[in-house]
Amino acid sequence: MTISPTYAAVDDRAVKADAIRAPSPVAISAVEVSKHYGRATALERLTLDIRAGEVFGLMGPNGSGKTTFMRLLAGYLLPSGGRLQVAGHDVVSESLEVRRRIGYVPESAPLYRQMRVGEFLSFMARLRGVPERKVKAAVERIVERLALSAVVDKPTRALSRGYRQRAALAQALLHDPEILILDEPSNGLDPRQIIEMRQLIRSLAGQHTVLMSSHILSEVEKTCDRVAVLLDGRLLGVRALAESCDLEAWFLSLT
Amino acid sequence: MRELRILFGKELGATLTSPIGYTIAAVFLLVLGYTFSLTLFATKVANLQYIFHQMYVLSILLVPVLTMRSFAEERRSETLELLLTAPVREFSIVIAKYAATLALVLGIFALSLVYAVILGRYGEPDWGQIYSGYLALALHASLLVAFGLLMSSLTENQVVAAALSIGTFLMLWFADSVSYLLWPPFDSLAINLSLIGHFKPMVSGSVFISDIGYFVTASMLALFLTTWALAQR
């Protein structure tokens, strides 16, 4: 079964079939991935493929497992079961290889408060393996691309929410990763900043595979190529987003 | 090696820009200066044993204040997520924090060298005892920093981390007292766990491999456990 153009709810079997039949090269592959915290289940046997170059959205209410899935991909958490591959590398046995190929922005956009923006970006560039002779150029390039030049000498603790989010995104892009994982990238931004963030993410499509989560349906609709809905750690459906898509109706029918 | 250098630089920078290190250095110097003057004028003996014991006690109380931030603060501010999703090994993160904090503690200890210089200038101290005393302090600091990091890696609350560290150090300090209540071979185990039991001989000028082994092994065990704690996620 291919992705339904009628946007009807997709059952588990259909989701699995869609995941297996991803036509483009697969950037992220999850097969029966579970994550448990003691008796609590954060993710239950999630199977999903994300294609190279696409912008993929994860939707679901709080506690549905979006952040857990992203943390598993970023290597911050380890799966309790199943197989999870990023850029062809296993997140458990080849964790360092995976971390070299991803850029990750956590939901809270954490920054080192004692550092200035430029200093923070230089540190993160080095940490992410950018060669010493290229660090300065990489930082300058990303500062210009994300319009951070006005704050590059400011301490990160003095940044507004919008600049914090941009600085956090900048650290994830410094090493030009194959895959970007953005947890709620529009969180706390004002409408203008949301539009800028959306444009920025769209501009990354093609060169990078982008996985983002969001609570805002309209944002997902305008930004993503495909979207998945999670609820209580289970994948409810996956679908492509087209011009005539009624995402809201589809989301409500699933949840 | 490069990742270790980068992380060490970041940790040292954070340590030197924080007021905590300077405050602790000031408290150290104030208390040590007081003790040094008092004991020198009272005993007229040119040795630093009082100072070394004072530093032993002070470091048990003050090193946890330096280490409590290490992981607890990173966890609270969620920057630990940045570190652990970067292509660096957990062990490098632990070693960088350990080395930076130990460098600061040894730097603070080094300030007390001024007392050794004064003794050398105006008296005839036993230099062997002074050297072994500083060796004991360096090993003691290594153990405290390693265990402080371990406690910090277990919680995101800095006060809890400091309290756990101080509690652990006090238990180790008085471990030999429990030996009277235990049967063999646990009584000798308790004696051998004692912090002061391994510190005292070195401060008196007797350096035993077993004492050095105690501090080195305990430090390595704590660093290993810290790495393991970080990897459990």
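Chain letters run A, B, ... following the sequence lines, proteins first and then strands; every chain starts at 1.
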Discussion item. Does B:R2 have more than 12 heavy atoms from other residues, nucleotides or ligands lying within 6.0 Å of its CZ?
Written reply: yes
Worksheet item: Would you find a donor on one side and an acceptor on the other, under 3.5 Å apart, between the side chain of A:R99 and the backbone of B:T85?
Response: no
Worksheet item: Distance from B:E81 atom CD to A:D183 atom CG, nearest 0.5 Å?
Response: 8.0 Å
Discussion item. Taking atom CZ as the centre, does B:F8 end up with more than 12 heavy-atom neighbours from other residues, nucleotides or ligands that are less than 6.0 angstrom away?
Written reply: yes
Worksheet item: Going by heavy atoms in the side chains, are A:Y112 and B:E74 under 4.5 Å from each other?
Response: yes
Worksheet item: For B:Q232, does the CD atom have more than 12 heavy-atom neighbours from other residues, nucleotides or ligands under 6.0 Å away?
Response: yes
Worksheet item: Which heavy atom in A:Q114 sits nearest to a heavy atom in B:A14, and how many Å separate them?
Response: NE2-CB, 3.5 Å
Worksheet item: Under a 4.5 Å heavy-atom cutoff, which of A:M124, A:E132, A:E97 has the most pairs with chain B?
Response: A:E132
Worksheet entry | Within 6.0 angstrom of A:R100 CZ, more than 12 heavy atoms from elsewhere | yes
Discussion item. Among B:L7, B:V88, B:T17, B:L80, which residue has the highest count of heavy-atom pairs closer than 4.5 Å to chain A?
Written reply: B:V88
Fill in: Exercise: do A:S108 and B:E78 side chains pair donor with acceptor under 3.5 Å
yes
Item to complete: Count the heavy atoms belonging to other residues, nucleotides or ligands that lie under 6.0 Å from CZ of A:R202, then report whether that count exceeds 12.
Response: yes
Fill in: Which portion of B:S77 sits near chain A, non-hydrogen atoms under 4.5 angstrom
backbone
Worksheet item: Can you check whether B:K10 reaches A:M115 side chain to side chain, under 4.5 Å on heavy atoms?
Response: yes
Worksheet item: Is the closest side-chain heavy-atom distance between A:L127 and B:L83 below 4.5 Å?
Response: yes
Fill in: Test log, rule side-chain contact (heavy atoms from CB on, under 4.5 Å), inputs B:L82 and A:F123
CA-CA 11 Å; B:L82 288 182; A:F123 166 68; over 6 Å; no
